[in-house]
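Quick notes on the structure that follows.
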Amino acid sequence: MKPDESIALVTGANKGIGKEIARQLAGKGVIVLVGARDPTRGKQAVADLRSKALPVQFLPLDVADQQSVDQAVSDIESQYGRLDILVNNAGIAVDWGPPSEAEIDAVRSTYETNVFGVFRVTKAMLPLLRKSKAARIVNVSSALGSVTLTADPNGPFRGRSMLMAYCSSKSALNMLTLQFAGELASSGIKVNAVTPGYVATDMNQHQGTRTVEQGAATPVRLALLPDDGPTGGFFSDEGVVPW
Ligand code: NAP
(Lines give C-alpha, C1' and ligand atoms only; values in the text may rest on other atoms or scores of the structure.)
Protein backbone atom coordinates (compact mmCIF):
# COMPACT_ATOMS: atom_id res chain seq x y z
CA MET A 1 0.00 0.00 0.00
CA LYS A 2 1.32 3.45 -0.93
CA PRO A 3 1.45 5.99 1.96
CA ASP A 4 -1.28 8.22 0.48
CA GLU A 5 -3.68 5.35 -0.27
CA SER A 6 -6.82 4.90 1.81
CA ILE A 7 -8.27 1.59 2.85
CA ALA A 8 -12.02 1.15 3.23
CA LEU A 9 -14.30 -1.61 4.43
CA VAL A 10 -17.87 -1.74 3.12
CA THR A 11 -20.11 -4.30 4.84
CA GLY A 12 -22.73 -6.15 2.81
CA ALA A 13 -20.96 -5.10 -0.38
CA ASN A 14 -21.69 -8.10 -2.58
CA LYS A 15 -24.77 -6.44 -4.11
CA GLY A 16 -27.10 -3.47 -4.03
CA ILE A 17 -26.08 -0.13 -2.56
CA GLY A 18 -23.06 -1.62 -0.77
CA LYS A 19 -21.52 -2.94 -3.97
CA GLU A 20 -22.08 0.43 -5.63
CA ILE A 21 -20.48 2.27 -2.68
CA ALA A 22 -17.50 -0.08 -3.10
CA ARG A 23 -17.40 0.64 -6.85
CA GLN A 24 -17.53 4.41 -6.41
CA LEU A 25 -14.93 4.48 -3.62
CA ALA A 26 -12.58 2.20 -5.57
CA GLY A 27 -13.10 4.42 -8.61
CA LYS A 28 -11.62 7.24 -6.54
CA GLY A 29 -8.51 5.21 -5.82
CA VAL A 30 -9.51 3.87 -2.41
CA ILE A 31 -8.57 0.24 -1.74
CA VAL A 32 -11.91 -1.31 -0.88
CA LEU A 33 -12.47 -4.43 1.15
CA VAL A 34 -15.72 -5.92 -0.09
CA GLY A 35 -17.29 -7.40 3.05
CA ALA A 36 -19.69 -10.25 2.36
CA ARG A 37 -20.98 -13.12 4.47
CA ASP A 38 -21.25 -15.55 1.58
CA PRO A 39 -17.91 -16.34 -0.10
CA THR A 40 -19.43 -17.19 -3.47
CA ARG A 41 -21.47 -13.99 -3.64
CA GLY A 42 -18.56 -11.93 -2.29
CA LYS A 43 -16.02 -13.31 -4.73
CA GLN A 44 -18.44 -12.84 -7.64
CA ALA A 45 -18.86 -9.16 -6.74
CA VAL A 46 -15.10 -8.72 -6.45
CA ALA A 47 -14.50 -10.43 -9.80
CA ASP A 48 -17.03 -8.10 -11.39
CA LEU A 49 -15.43 -4.98 -9.87
CA ARG A 50 -11.91 -6.15 -10.68
CA SER A 51 -12.93 -6.66 -14.30
CA LYS A 52 -13.30 -2.85 -14.31
CA ALA A 53 -9.71 -2.57 -12.99
CA LEU A 54 -10.87 -1.42 -9.55
CA PRO A 55 -8.69 -1.98 -6.43
CA VAL A 56 -11.03 -4.24 -4.46
CA GLN A 57 -10.54 -7.32 -2.35
CA PHE A 58 -12.96 -9.83 -0.85
CA LEU A 59 -13.21 -9.89 2.94
CA PRO A 60 -15.39 -12.62 4.49
CA LEU A 61 -17.61 -10.83 7.02
CA ASP A 62 -20.89 -11.75 8.66
CA VAL A 63 -21.77 -8.76 10.82
CA ALA A 64 -24.02 -10.95 12.99
CA ASP A 65 -21.16 -13.29 13.91
CA GLN A 66 -18.53 -12.08 16.41
CA GLN A 67 -15.98 -14.68 15.33
CA SER A 68 -16.28 -13.57 11.71
CA VAL A 69 -15.84 -9.92 12.73
CA ASP A 70 -12.80 -10.73 14.90
CA GLN A 71 -11.24 -12.65 12.00
CA ALA A 72 -11.85 -9.67 9.68
CA VAL A 73 -10.08 -7.35 12.15
CA SER A 74 -7.14 -9.71 12.30
CA ASP A 75 -7.01 -9.98 8.46
CA ILE A 76 -7.03 -6.19 8.02
CA GLU A 77 -4.49 -5.72 10.82
CA SER A 78 -2.02 -8.15 9.28
CA GLN A 79 -2.43 -6.93 5.71
CA TYR A 80 -2.89 -3.18 6.12
CA GLY A 81 -2.32 -2.30 9.79
CA ARG A 82 -5.10 0.29 9.78
CA LEU A 83 -8.52 1.20 8.42
CA ASP A 84 -9.43 4.66 7.08
CA ILE A 85 -13.10 4.24 6.15
CA LEU A 86 -15.80 1.99 7.57
CA VAL A 87 -19.15 1.92 5.79
CA ASN A 88 -21.71 0.00 7.84
CA ASN A 89 -24.04 -0.84 4.98
CA ALA A 90 -25.21 -4.43 5.64
CA GLY A 91 -28.88 -4.48 6.57
CA ILE A 92 -32.03 -6.53 6.33
CA ALA A 93 -35.76 -5.76 6.15
CA VAL A 94 -37.89 -8.81 6.84
CA ASP A 95 -41.05 -7.73 8.74
CA TRP A 96 -43.15 -6.30 5.94
CA GLY A 97 -46.54 -6.56 7.78
CA PRO A 98 -48.07 -4.55 10.65
CA PRO A 99 -46.30 -4.60 14.03
CA SER A 100 -48.97 -6.80 15.64
CA GLU A 101 -48.15 -9.54 13.15
CA ALA A 102 -44.36 -9.33 13.42
CA GLU A 103 -42.63 -12.46 14.66
CA ILE A 104 -40.23 -11.94 17.56
CA ASP A 105 -37.56 -13.90 15.69
CA ALA A 106 -37.84 -11.47 12.77
CA VAL A 107 -37.54 -8.51 15.14
CA ARG A 108 -34.55 -10.09 16.85
CA SER A 109 -32.73 -10.96 13.61
CA THR A 110 -33.35 -7.45 12.26
CA TYR A 111 -31.74 -5.93 15.35
CA GLU A 112 -28.94 -8.50 15.26
CA THR A 113 -27.90 -7.25 11.82
CA ASN A 114 -28.99 -3.61 11.65
CA VAL A 115 -28.09 -2.54 15.19
CA PHE A 116 -25.92 -5.09 17.00
CA GLY A 117 -24.08 -5.83 13.75
CA VAL A 118 -23.11 -2.18 13.32
CA PHE A 119 -22.12 -1.93 16.98
CA ARG A 120 -20.10 -5.16 16.80
CA VAL A 121 -18.22 -4.14 13.64
CA THR A 122 -17.65 -0.54 14.73
CA LYS A 123 -16.33 -1.49 18.15
CA ALA A 124 -14.07 -4.19 16.72
CA MET A 125 -12.68 -1.95 13.97
CA LEU A 126 -12.06 1.08 16.20
CA PRO A 127 -8.46 0.21 17.11
CA LEU A 128 -7.67 0.03 13.37
CA LEU A 129 -9.62 3.23 12.66
CA ARG A 130 -7.72 5.02 15.42
CA LYS A 131 -4.51 4.28 13.50
CA SER A 132 -5.80 6.31 10.54
CA LYS A 133 -4.95 9.99 10.18
CA ALA A 134 -8.58 10.89 9.44
CA ALA A 135 -10.96 7.98 9.84
CA ARG A 136 -14.58 8.15 8.70
CA ILE A 137 -17.50 5.94 9.74
CA VAL A 138 -20.66 5.99 7.65
CA ASN A 139 -23.78 4.24 8.91
CA VAL A 140 -26.29 3.46 6.17
CA SER A 141 -29.58 4.21 7.90
CA SER A 142 -32.97 5.08 6.45
CA ALA A 143 -35.41 7.98 6.51
CA LEU A 144 -37.81 5.30 7.81
CA GLY A 145 -35.78 5.43 11.04
CA SER A 146 -36.52 9.13 11.52
CA VAL A 147 -38.74 9.48 14.59
CA THR A 148 -39.37 13.12 13.68
CA LEU A 149 -40.65 12.36 10.16
CA THR A 150 -42.69 9.39 11.37
CA ALA A 151 -44.32 11.40 14.18
CA ASP A 152 -45.17 14.34 11.91
CA PRO A 153 -48.92 14.17 11.06
CA ASN A 154 -48.12 15.93 7.78
CA GLY A 155 -44.92 13.97 7.15
CA PRO A 156 -44.27 11.39 4.44
CA PHE A 157 -44.70 8.38 6.77
CA ARG A 158 -47.86 9.43 8.64
CA GLY A 159 -49.93 6.45 9.74
CA ARG A 160 -47.23 4.12 8.55
CA SER A 161 -47.47 0.80 10.39
CA MET A 162 -45.28 -1.71 8.69
CA LEU A 163 -41.62 -2.74 8.94
CA MET A 164 -41.68 -1.89 12.67
CA ALA A 165 -38.53 -3.91 13.34
CA TYR A 166 -36.69 -2.36 10.38
CA CYS A 167 -37.82 1.23 11.08
CA SER A 168 -37.05 1.05 14.80
CA SER A 169 -33.71 -0.64 14.14
CA LYS A 170 -32.73 2.32 11.99
CA SER A 171 -33.87 4.72 14.76
CA ALA A 172 -31.57 2.81 17.11
CA LEU A 173 -28.79 2.98 14.53
CA ASN A 174 -29.24 6.75 14.39
CA MET A 175 -28.76 7.01 18.17
CA LEU A 176 -25.77 4.66 17.95
CA THR A 177 -24.33 7.06 15.35
CA LEU A 178 -24.72 10.03 17.68
CA GLN A 179 -23.26 8.13 20.62
CA PHE A 180 -20.10 7.12 18.73
CA ALA A 181 -19.83 10.57 17.13
CA GLY A 182 -19.88 12.13 20.59
CA GLU A 183 -17.23 9.82 21.99
CA LEU A 184 -14.98 10.12 18.94
CA ALA A 185 -15.35 13.86 18.23
CA SER A 186 -12.05 14.79 19.86
CA SER A 187 -10.22 11.98 18.02
CA GLY A 188 -11.01 13.40 14.58
CA ILE A 189 -12.96 10.28 13.60
CA LYS A 190 -16.17 11.46 11.96
CA VAL A 191 -19.31 9.37 12.35
CA ASN A 192 -22.39 10.12 10.27
CA ALA A 193 -25.64 8.44 9.28
CA VAL A 194 -27.07 8.54 5.78
CA THR A 195 -30.28 7.65 4.04
CA PRO A 196 -29.77 6.56 0.43
CA GLY A 197 -33.42 7.20 -0.50
CA TYR A 198 -35.76 4.61 -1.99
CA VAL A 199 -33.35 2.62 -4.14
CA ALA A 200 -34.22 -0.30 -6.43
CA THR A 201 -32.49 -3.31 -4.85
CA ASP A 202 -33.33 -6.85 -3.76
CA MET A 203 -34.42 -5.41 -0.38
CA ASN A 204 -37.57 -3.94 -1.95
CA GLN A 205 -37.91 -6.32 -4.92
CA HIS A 206 -36.50 -3.50 -7.07
CA GLN A 207 -39.54 -1.30 -6.43
CA GLY A 208 -37.32 1.64 -5.40
CA THR A 209 -37.42 4.74 -7.56
CA ARG A 210 -33.72 5.57 -7.34
CA THR A 211 -30.69 3.86 -8.85
CA VAL A 212 -27.87 2.38 -6.80
CA GLU A 213 -25.60 5.05 -8.33
CA GLN A 214 -27.83 7.74 -6.80
CA GLY A 215 -28.17 5.85 -3.51
CA ALA A 216 -24.42 5.43 -3.09
CA ALA A 217 -23.50 9.05 -3.81
CA THR A 218 -24.03 10.53 -0.33
CA PRO A 219 -22.54 7.56 1.56
CA VAL A 220 -19.43 7.99 -0.60
CA ARG A 221 -19.35 11.73 0.00
CA LEU A 222 -19.50 11.14 3.76
CA ALA A 223 -16.79 8.48 3.53
CA LEU A 224 -14.47 11.02 1.93
CA LEU A 225 -15.30 14.04 4.12
CA PRO A 226 -12.55 16.64 4.52
CA ASP A 227 -11.30 17.49 8.01
CA ASP A 228 -13.72 20.41 8.31
CA GLY A 229 -16.71 18.21 7.43
CA PRO A 230 -19.53 17.40 9.83
CA THR A 231 -19.80 14.62 12.39
CA GLY A 232 -22.87 13.35 14.22
CA GLY A 233 -25.19 14.20 11.33
CA PHE A 234 -27.94 12.45 9.39
CA PHE A 235 -27.87 13.23 5.66
CA SER A 236 -29.55 12.53 2.34
CA ASP A 237 -28.72 13.88 -1.12
CA GLU A 238 -30.85 16.87 -0.23
CA GLY A 239 -29.03 17.77 2.98
CA VAL A 240 -29.77 17.25 6.66
CA VAL A 241 -32.47 14.71 7.59
CA PRO A 242 -34.34 15.24 10.88
CA TRP A 243 -33.64 12.59 13.51
P1 NAP B 1 -29.69 -5.51 -0.46
O2 NAP B 1 -29.53 -5.40 -1.93
O3 NAP B 1 -30.64 -6.51 0.11
O4 NAP B 1 -28.24 -5.69 0.18
C5 NAP B 1 -28.08 -5.93 1.54
C6 NAP B 1 -26.66 -6.40 1.75
O7 NAP B 1 -26.47 -6.65 3.16
C8 NAP B 1 -26.36 -7.72 1.04
O9 NAP B 1 -25.05 -7.69 0.55
C10 NAP B 1 -26.49 -8.74 2.16
O11 NAP B 1 -25.75 -9.93 1.93
C12 NAP B 1 -25.89 -7.93 3.28
N13 NAP B 1 -26.13 -8.53 4.59
C14 NAP B 1 -27.29 -8.81 5.20
N15 NAP B 1 -27.06 -9.40 6.39
C16 NAP B 1 -25.71 -9.47 6.54
C17 NAP B 1 -24.85 -9.98 7.53
N18 NAP B 1 -25.32 -10.55 8.65
N19 NAP B 1 -23.51 -9.88 7.35
C20 NAP B 1 -23.00 -9.32 6.23
N21 NAP B 1 -23.78 -8.86 5.23
C22 NAP B 1 -25.12 -8.92 5.38
O23 NAP B 1 -30.19 -4.12 0.16
P24 NAP B 1 -29.77 -2.60 -0.11
O25 NAP B 1 -31.01 -1.90 -0.51
O26 NAP B 1 -28.58 -2.51 -0.96
O27 NAP B 1 -29.45 -2.15 1.39
C28 NAP B 1 -28.19 -1.65 1.80
C29 NAP B 1 -28.40 -0.75 2.99
O30 NAP B 1 -29.19 0.38 2.60
C31 NAP B 1 -29.17 -1.42 4.13
O32 NAP B 1 -28.62 -1.05 5.37
C33 NAP B 1 -30.57 -0.84 3.99
O34 NAP B 1 -31.28 -0.84 5.20
C35 NAP B 1 -30.25 0.56 3.51
N36 NAP B 1 -31.37 1.24 2.84
C37 NAP B 1 -31.85 0.77 1.67
C38 NAP B 1 -32.90 1.45 1.07
C39 NAP B 1 -33.47 1.01 -0.24
O40 NAP B 1 -34.45 1.64 -0.70
N41 NAP B 1 -32.94 -0.02 -0.89
C42 NAP B 1 -33.46 2.59 1.67
C43 NAP B 1 -32.92 3.03 2.87
C44 NAP B 1 -31.86 2.36 3.45
P45 NAP B 1 -26.43 -11.27 1.29
O46 NAP B 1 -26.40 -11.11 -0.20
O47 NAP B 1 -25.54 -12.35 1.81
O48 NAP B 1 -27.84 -11.35 1.83
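Read the numbers this way: they start at 1 and go in the same order the structure lists the ligands and their atoms. All heavy atoms count here, side chains included; hydrogens, waters and symmetry mates do not.
Inter-residue side-chain proximity for Val140 and Pro196 is flagged as met; some heavy-atom pair is nearer than 4.5 Å.
The line from CG of Asp75 to CG of Leu61 is 10.0 Å long, rounded to the nearest 0.5 Å.
For residues 217-234, the set of pairs meeting the salt bridge (Lys or Arg N to Asp or Glu O under 4.0 Å) definition, not counting sequence neighbours, comprises Arg136-Asp227. A salt bridge (Lys or Arg N to Asp or Glu O under 4.0 Å) check over residues 158-167, counting only residues at least two apart or in different chains, returns nothing. The list of salt bridge (Lys or Arg N to Asp or Glu O under 4.0 Å) pairs with a residue in residues 103-120, not counting sequence neighbours, reads Asp105-Arg108, Glu112-Arg120.
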Given the rule in the side chain to side chain contact (heavy atoms under 4.5 Å, CB included) test, do Val10 and Leu25 qualify, once you have shown the distances and angles that lead to the verdict?
CA-CA 10 Å; Val10 183; Leu25 281 175; 4.2 Å; yes
Enumerate, one pair per line, all nitrogen or oxygen atoms of ligand 1 lying under 3.5 Å from a protein nitrogen or oxygen, stating the separation to 0.1 Å; write 'none' if no such pair exists.
unit_1   : atom_1 : unit_2 : atom_2 : d
ligand 1 : 9 (O)  : Gly12  : O      : 3.1
ligand 1 : 9 (O)  : Asn14  : OD1    : 2.6
ligand 1 : 11 (O) : Asn14  : OD1    : 3.4
ligand 1 : 18 (N) : Asp62  : OD1    : 2.9
ligand 1 : 19 (N) : Asp62  : OD1    : 3.4
ligand 1 : 19 (N) : Val63  : N      : 3.0
ligand 1 : 25 (O) : Thr201 : OG1    : 2.6
ligand 1 : 26 (O) : Ile17  : N      : 2.9
ligand 1 : 32 (O) : Asn89  : O      : 2.7
ligand 1 : 32 (O) : Lys170 : NZ     : 3.0
ligand 1 : 34 (O) : Tyr166 : OH     : 2.6
ligand 1 : 34 (O) : Lys170 : NZ     : 3.0
ligand 1 : 40 (O) : Gly197 : O      : 3.3
ligand 1 : 40 (O) : Val199 : N      : 2.8
ligand 1 : 40 (O) : Val199 : O      : 3.3
ligand 1 : 40 (O) : Asn204 : ND2    : 3.2
ligand 1 : 41 (N) : Val199 : O      : 3.1
ligand 1 : 41 (N) : Thr201 : OG1    : 3.3
ligand 1 : 46 (O) : Asn14  : ND2    : 2.8
ligand 1 : 46 (O) : Arg41  : NE     : 3.2
ligand 1 : 47 (O) : Arg37  : NE     : 2.9
ligand 1 : 47 (O) : Arg41  : NE     : 3.2
ligand 1 : 47 (O) : Arg41  : NH2    : 2.7
ligand 1 : 48 (O) : Arg37  : NH2    : 2.7

